Amino acid sequence: MNDQREFLKHRLQKLRDLRAAGINPFANTFKPRHTAHDVRTRMEGKTKEEIEGCTDVFSLAGRIMSLRDFGKSSFFHIQDRTGKVQAYIQKNKIGENRYALFKKIDIGDFIGVCGRAFLTHSGELTILVDDFTLLTKSLRPLPEKWHGLQDIETRYRQRYLDLIVNESVRATFQTRSQIIALVREFLVSRDFLEVETPMMQPIAGGAAAQPFITHHNALDMDLYLRIAPELYLKRLLVGGFERVFEINRNFRNEGISTQHNPEFTMLEFYCAYATYEDLMHLTEDMFCFLCRELFGSFSVTYQGTVLDFTPPWKRMTLKEAAAVYAEQQPSALDDPAHARAVASRYGVVLSGSESHGEVLTALFEATAERHLIQPTFITHYPVEVSPLARANEDDPTVTDRFELYVAGREIANAFSELTDPEDQRRRFVAQAEAKARLTGDPVVIDEDFLLALEHGMPPAAGEGIGIDRLVMLLTDAASIRDVILFPLFRAERS
RNA sequence: GAGUCGCUAGCUCAGACGGUAGAGCAACGGACUUUUAAUCCGUAGGUCCCGGGUUCGAGUCCCGGGCGACUCACCA
């Protein structure tokens, strides 16, 4: 008999013993009126005498995380959503029968307890148990109490164990929830309307990633999981919703890394009559709001580096940034042949068919990106790599677009939107033809979106912010899997 | 997709040179009424990721596979 089966056998025997004694080991009869946090805050700053003179009776429930048995009394810690609190149970206080029943309770079980607070000799605030109720009997062991759960694969595959034993993991996901709530609050306070647009789309538009494909049986129709909500949110601008946002999942059938999960959460928002420059200010305001609410400071330490979000943030054009980090004069990169030579020198692999703008973008990514640690807006993206962005009035080879870089990573992407349906059609066709040459896919144009544009979309600017990457920055997480509760994993084979 | 590294008890980890597989916690039995990584005595628990190979003998060496981590590639 192996250890695992023996453990289960013992717990199942206790289950039978409890039922034989008339106890439901999965009862739902206890209504906790307090939390561990309530107990702590109620007694905070009080002396031992004041605490023990206090007649408040607490009633709380949670999982038993540790248990120290002294024969006629026991100490245990209960963990609820707010944290842990210790409890103490004595045989001569609750009676022989109740205490015998308590002996059937194990680490991992859920229990409800009632009692007053006291301070132990070593000064720990503790509930002296008047009575208890078993709420759920656990049948499997918890990970080790001191080292917790370390195995990264088990932590992700059995995230519930990770959450039970690793307090910092709970904190990360609580912060994630808080960040999303704050983003919502920020946008709603600025009169943005939260909307939901299709996750299943007949044409996967709004970005250039590989989509997941699925099929609707009744309509006998292939559908794509969306790679971006962009084209639907713009339809809403056409419809007269001047300020809209959506926080939802995108799906991209690409590689997995510490920065990429196949499904990830994206914030996109669109604001009529705004420009990309307005959105730079809005982005600064949003981050400052988040920092103030979360930390009370514009300084955030990420992986040992202090990031300073005090506005205004640095701004550089893409060409300037590429020039600085490729040690060139910006004007020198205006010569396509020279730019190409420099890019090759920095390890960019070129086929020869790339446009000048694509070469500059590749050079920027190869040289500058990883150096952009402090918040930096990169502007003036070439028109060839920005199929949905409005061309700059003074220099039509670039667009009114920016990306925000922090800690060497792309966090946000925004631009003044293209509103001219004929220009949009030309860009779609050029993009689809380029893709068709590369992949052999048929040229597909989102005619329905163009029809919407032909009805007239107000001038607008839009932005996308990768929520997972934002949460990583603000929770000091090294991997995107640390901020996604259930990241995608290969199925285990039996 | 490529390279490097990892996989030993439920958990956290040791296991030189190839020679009967170990500890702590958790579990089980016992002692103990203010402990807190409780303590003390005792017991049990292993498909060493899987499959081949070399060898008298493989957790250890070789080959193949699985899963994971990291780096790179891909992701405008």
Side-chain angles (χ1 to χ4, degrees), chain A residues 1-11 13-14 48 65-77 84 86-94 99 106-108 118-126 128 138-158 161 164-165 206-211 227-228 250-262 264 318 347 349 354-355 357-358 360-362 364-365 381-389 399 401 403 410 413 415 427 431 434-435 438 466 478-479 481 487 489-494:
Chain A
M1 170 113 43
N2 68 33
D3 185 43
Q4 183 79 319
R5 282 181 53 196
E6 195 174 353
F7 186 98
L8 193 58
K9 195 187 84 179
H10 284 127
R11 291 285 169 104
Q13 183 57 50
K14 284 182 180 173
K48 185 172 172 69
M65 297 300 291
S66 64
L67 179 56
R68 292 173 293 281
D69 176 7
F70 286 84
K72 295 187 181 66
S73 72
S74 299
F75 287 94
F76 53 99
H77 277 96
K84 290 190 188 89
Q86 183 170 253
Y88 183 49
I89 186 165
Q90 291 174 307
K91 184 177 184 174
N92 67 2
K93 182 166 175 67
I94 65 157
Y99 197 75
D106 294 297
I107 291 174
F118 75 104
L119 270 192
T120 65
H121 290 167
S122 52
E124 180 163 353
L125 185 61
T126 303
L128 182 58
S138 68
L139 303 177
R140 299 279 181 179
L142 289 181
E144 199 234 8
K145 63 184 172 186
W146 188 241
H147 299 91
L149 182 64
Q150 302 292 328
D151 182 76
I152 227 160
E153 193 175 345
T154 310
R155 284 186 45 217
Y156 296 143
R157 286 194 196 269
Q158 291 179 273
L161 291 177
I164 290 167
V165 301
Q210 287 296 311
I227 56 175
N250 287 348
F251 306 85
R252 296 188 182 178
N253 205 340
E254 308 279 358
I256 294 176
S257 79
T258 53
Q259 314 290 318
H260 300 85
N261 193 63
F264 62 100
L318 181 134
V349 179
E354 298 85 1
S355 67
E358 287 169 325
L360 285 179
T361 305
F364 163 78
E365 286 170 357
Y381 275 71
V383 68
E384 304 94 314
V385 298
S386 313
L388 297 158
T399 53
R401 172 181 173 191
E403 287 200 1
E410 177 194 342
N413 177 24
F415 36 86
R427 300 238 208 136
Q431 186 192 20
K435 190 182 169 207
L438 222 63
S479 169
R481 296 181 205 98
F489 266 77
R490 209 180 289 269
E492 286 179 291
R493 308 213 310 187
S494 53

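Please read these numbers as outputs of a predicted model, since none were measured by experiment. Each chain gets a letter, A, B and so on, in the order the sequences are listed, and its residues count up from 1.
- Nearer the 5' end of RNA chain B, as judged by each residue's closest nucleotide, is the contact made by A:K93, out of A:N413 and A:K93.
- Between A:A228 and A:R252 the shortest heavy-atom distance is CB-NH2, 4.4 Å.
- Side-chain contact check for A:L318 versus A:E403: every heavy-atom pair is 4.5 Å or farther apart.
- Look at B:C67: its Watson-Crick or wobble partner, with both distances under 3.5 angstrom, is B:G6.
- Between A:F7 and B:A27, no base-stacking contact is recorded for ring centres under 5.5 Å apart and planes less than 30° from parallel.
- Syn is the glycosidic conformation of B:C17, whose angle stays within 90° of 0.
- Rounded to a whole angstrom, the distance from the P atom of B:U71 to that of B:C61 is 27 Å.
- Distance noted for atom P between B:C7 and B:U60: 11 Å (whole Å).
- The NE2-P distance, from A:H10 to B:A27, rounds to 11 Å in whole Å.
- Listed nucleotides B:C75, B:U12, B:A26 differ in distance to A:E144; the shortest reach to its side chain belongs to B:U12.
- Of all heavy-atom pairs between A:Y88 and A:S73, the closest is OH-OG, 3.0 Å.
- Using C1' as the reference atom, B:A21 and B:G59 are 8 Å apart when rounded to the nearest Å.
- For the C1' atoms, the distance from B:A14 to B:C48 is 13 Å, rounded to whole Å.
- Considering only side-chain atoms of A:R481, the nucleotide from B:A69, B:U35, B:A26 that sits closest is B:A69.
- No engagement by A:P382 is indicated, since no non-hydrogen atom pair under 4.0 Å with the nucleic acid exists.
- A:E124 comes within 4.0 angstrom of a base, heavy atoms only.
- Straight-line distance from the CD atom of A:E153 to the P atom of B:U8: 11 Å, rounded to whole Å.
- Backbone-only engagement by A:T258 is indicated by non-hydrogen atom pairs under 4.0 Å involving sugar-phosphate atoms exclusively.
- Going from the P atom of B:G19 to that of B:G57 covers 14 Å, rounded to whole Å.
- Comparing B:G68, B:G45, B:C11 by their closest approach to the side chain of A:E6 singles out B:G45.
- Proximity note for A:Y88 (side chain, C-beta onward) versus B:U33, B:A76, B:C28: the nearest is B:U33.
- Residue A:N253 is out of contact with every strand shown, counting any heavy-atom pair closer than 4.0 Å.
- Judged by Watson-Crick or G-U wobble contacts below 3.5 Å, the nucleotide B:U60 has no partner.
- B:G18 is unpaired under the criterion used here, namely a Watson-Crick or G-U wobble arrangement in which both key atom distances are under 3.5 Å.
- The separation of B:C41 from B:C56, taken at their P atoms, amounts to 46 Å, rounded to a whole angstrom.
- As a whole-Å value, the separation of A:L161 CG from B:U12 C1' is 14 Å.
- In this structure, the CD1 atom of A:I94 is 15 Å from the P atom of B:U33, given to the nearest Å.
- If you check B:C75, B:U33, B:U12 against the side chain of A:Q90, the one that comes closest is B:U33.
- Residue contacts shown for A:H260 include a base, since a base heavy atom lies under 4.0 Å away.
- A:T361 and A:Y381 share no side-chain donor-acceptor pair at under 3.5 Å.
- Counting non-hydrogen atoms under 4.0 angstrom, A:Q86 reaches a base of the nucleic acid.
- The closest side-chain heavy-atom distance from A:E144 to A:V165 is not below 4.5 Å.
- For B:G46, there is no paired nucleotide, since no Watson-Crick or G-U wobble pair has both relevant distances below 3.5 Å.
- In this structure B:U35 sits in no base pair that meets the Watson-Crick or G-U test at under 3.5 Å.
- Contact between the side-chain N/O atoms of A:R490 and the OP1/OP2 oxygens of B:G68 is found at a separation under 4.0 Å.
- Put simply, NZ on A:K72 is 8 Å from C1' on B:C32, counting in whole angstrom units.
- Here NZ of A:K48 is found 7.5 Å from CZ of A:F118. Values are rounded to the nearest 0.5 Å.
- By the ring-ring contact (aromatic ring centres under 6.0 Å, His included) test, A:Y156 is found to be paired with A:F489, residues two or more places apart in sequence or in another chain being considered.
- Listed candidates were B:A76, B:U12, B:A27. Nearest to the side chain of A:I107 is B:A27.
- Using a 30° and 60° split on the angle between ring planes, A:F75 and A:F70 fall in the perpendicular class, above 60°.
- For the P atom pair drawn from B:G53 and B:G10, the interatomic distance equals 28 Å after rounding to whole Å.
- If you check B:C32, B:U34, B:A27 against the side chain of A:F75, the one that comes closest is B:U34.
- Here A:K14 lies in heavy-atom contact (under 4.0 Å) with sugar-phosphate atoms only.
- Atom CD of A:Q431 sits about 7.0 Å away from atom CG of A:L388, to the nearest 0.5 Å.
- Partner assigned to B:A23 is B:U12, using Watson-Crick or G-U wobble distances below 3.5 angstrom.
- Using N1 to N3 plus N6-O4 or O6-N4 for Watson-Crick, or N1-O2 and O6-N3 for G-U wobble, each under 3.5 Å, B:G1 pairs with B:C72.
- Per the geometry, CG belonging to A:L119 stands 14 Å off C1' belonging to B:U35, to the nearest Å.
- At a threshold of 4.0 angstrom between heavy atoms, the contacts of A:A207 include nucleobase atoms, whether or not backbone atoms are also involved.
- Straight-line distance from the CD1 atom of A:I89 to the P atom of B:U35: 18 Å, rounded to whole Å.
- In this pair, A:H147 does not lay its aromatic ring on the base of B:U12; centres under 5.5 Å and planes under 30 degrees do not both hold.
- The A:T120 side chain lies nearest to B:U34 when the options are B:A26, B:U34, B:C74.
- The heavy-atom pair separating A:S386 from A:R401 by the smallest distance is OG-NH1, 2.7 Å.
- Across the protein-nucleic acid pair, A:F76 atom CZ and B:A26 atom C1' stand 19 Å apart, rounded to whole Å.
- Using P as the reference atom, B:A23 and B:U34 are 31 Å apart when rounded to the nearest Å.
- In the set B:A27, B:A76, B:U35, B:A76 carries the atom at the smallest distance from any side-chain atom of A:A208.
- At the heavy-atom level, A:F489 lies under 4.0 Å from the strands shown only through sugar-phosphate atoms.
- On a pure distance criterion of 3.5 Å, a polar donor-acceptor pair joins the side chain of A:N92 and the base of B:U33.
- Nucleotides of RNA chain B nearest to A:T126 and A:T154 differ in position, and the one nearer the 5' end is that of A:T154.
- B:A16 adopts a syn glycosidic conformation, its chi angle falling within 90° of 0.
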